[in-house]
Amino acid sequence: MKKVIITGATGMVGKGVLLECLDHESISEVLVVNRNSLELSHPKLKEILLKDFMDLDKVKDELGGYDACFFCMGVSVLGLNEATYTRITYDITKKFVDVLFALNPEMIFNYVSGTGTDSSEKGRSMWARVKGKTENYVLNKGFKDAYAFRPGGILPERGVKSRTGWYNAFYVITRPFFPWMKKSKNITTTTRIGHAMIHTLFNSQDVKHLENKDINNLAQTN
């Protein structure tokens, strides 16, 4: 039985991952770290509310003894300068990585990045450089295993909604086409991301940067 930590559970990807973890028979406990409460009750679920994630040391006594962290927290780059985007994307992730590695060095750390991320950290795209820097820090920290999930097109399932209004409008319009869209290797779903993350707990992968096709293949692992 595995115990996992999830961040970003109020967002579309994080909520999808959470639901799959709560349903999975091999996961005994799920701890979510959020700024705002999920207002969800479940026998497996525990919640820590923390307004400033850079204050993670304040709750570190509650973070030991976990087998994995599914880091699904993220923010759109729209309207943000590089300093702000770096603080939210890189600095907060680094804080989680450092605190959790000190407590649980044998855990598996899955970081939700994005397709097009720049592992060289030298490209023209600011967000891709910052995401690449973040991925590199996660993958090189020294955890038992670590993966950078790079989803592109994602379809929400099980009633999950995006926190971005125009995304939800798009999903409403395109929902009749979901069955067809799911057949594309370039499209994944919130359910598949959840399944794939859970499977990393039991099936180590040689590929550490998981694009949509890799996520979909891993989600189907027995």
Heavy-atom pair of closest approach, residues [X] and [Y]:
{"X": "Leu18", "Y": "Ala9", "value": "CD2-CB, 4.2 Å"}
{"X": "Thr117", "Y": "Ser113", "value": "OG1-OG, 2.9 Å"}
{"X": "Gly153", "Y": "Asn212", "value": "O-ND2, 3.2 Å"}
{"X": "Val75", "Y": "Tyr85", "value": "O-CE1, 3.6 Å"}
{"X": "Ala146", "Y": "Lys208", "value": "O-CD, 3.5 Å"}
{"X": "Ala128", "Y": "Gly116", "value": "CB-O, 3.5 Å"}

Under 4.5 Å between any side-chain heavy atoms of [X] and [Y], yes or no?
{"X": "Lys46", "Y": "Val32", "result": "no"}
{"X": "Leu49", "Y": "Lys51", "result": "no"}
{"X": "Pro151", "Y": "Thr115", "result": "no"}
{"X": "Ile198", "Y": "Cys21", "result": "yes"}
{"X": "Glu135", "Y": "Arg150", "result": "yes"}
{"X": "Leu155", "Y": "Thr190", "result": "no"}
{"X": "Asp67", "Y": "Ile108", "result": "no"}
{"X": "Val33", "Y": "Phe96", "result": "yes"}

May I ask you to decide if [Y]'s main-chain N or O and [X]'s side chain share a donor-acceptor pair within less than 3.5 Å?
{"X": "Asn216", "Y": "Arg192", "answer": "no"}
{"X": "Glu47", "Y": "Leu38", "answer": "yes"}
{"X": "Glu211", "Y": "His209", "answer": "no"}
{"X": "Asp118", "Y": "Lys122", "answer": "yes"}
{"X": "Lys44", "Y": "Leu22", "answer": "yes"}
{"X": "Thr89", "Y": "Thr86", "answer": "no"}
{"X": "Arg129", "Y": "Arg124", "answer": "yes"}
{"X": "Thr200", "Y": "Met197", "answer": "yes"}
{"X": "Asn104", "Y": "Glu106", "answer": "no"}
{"X": "Thr84", "Y": "Leu80", "answer": "no"}

Point to revise | From Thr189, Ile193, Leu19, residue fulfilling side-chain contact (heavy atoms from CB on, under 4.5 Å) relative to Glu157 | key: Thr189
Say whether [X] and [Y] are linked into one hydrophobic cluster, either directly or through other cluster members, by side-chain heavy-atom distances under 4.5 angstrom.
{"X": "Leu210", "Y": "Val138", "value": "no"}
{"X": "Ile48", "Y": "Leu103", "value": "yes"}
{"X": "Leu139", "Y": "Val112", "value": "no"}
{"X": "Leu50", "Y": "Val4", "value": "no"}
{"X": "Phe109", "Y": "Ile92", "value": "yes"}

Atom pair [atom1] ([X]) and [atom2] ([Y]), whose distance is rounded to the nearest 0.5 Å:
{"X": "Asp91", "Y": "Phe53", "atom1": "CG", "atom2": "CZ", "result": "14.0 Å"}
{"X": "Asp23", "Y": "His195", "atom1": "CG", "atom2": "NE2", "result": "8.0 Å"}
{"X": "Ser26", "Y": "His199", "atom1": "OG", "atom2": "NE2", "result": "10.0 Å"}
{"X": "Leu63", "Y": "Leu56", "atom1": "CG", "atom2": "CG", "result": "5.5 Å"}

Practice item. Check Lys2, Glu29, Lys3 against Tyr66 for a side-chain hydrogen bond (donor to acceptor under 3.5 Å, both in side chains) and give me the one that passes. Key: Glu29
Check your understanding: Checking side-chain contact (heavy atoms from CB on, under 4.5 Å) for the pair Val17/Asn110: CA distance, chi angles, key distance, verdict?
Key -> CA-CA 11 Å; Val17 172; Asn110 289 342; over 6 Å; no
Exercise for review: Report the C-alpha distance between Leu100 and Ile5 in whole Å, list the side-chain angles of each, state the deciding distance to 0.1 Å, and finish with yes or no for side-chain contact (heavy atoms from CB on, under 4.5 Å).
Suggested key: CA-CA 10 Å; Leu100 291 180; Ile5 296 171; 3.7 Å; yes
Practice item. Using a strict cut-off of less than 4.0 Å between a Lys/Arg side-chain nitrogen and an Asp/Glu carboxylate oxygen, indicate whether Asp98 and Lys94 qualify as a salt bridge. Key: yes
Revision key, fill the gap. Exactly one of Tyr137, Tyr111, Phe101 clears ring-ring contact (aromatic ring centres under 6.0 Å, His included) with Phe143, and that residue is Phe101
**Study point:** Lys15 and Thr10: CA distance, side-chain angles, deciding distance, side-chain contact (heavy atoms from CB on, under 4.5 Å) verdict
**Key:** CA-CA 6 Å; Lys15 184 65 174 296; Thr10 57; over 6 Å; no
Check your understanding: Does the pair Leu201 and Phe70 meet the rule for a side-chain contact (heavy atoms from CB on, under 4.5 Å), with working shown?
Key -> CA-CA 11 Å; Leu201 301 177; Phe70 299 158; 4.2 Å; yes
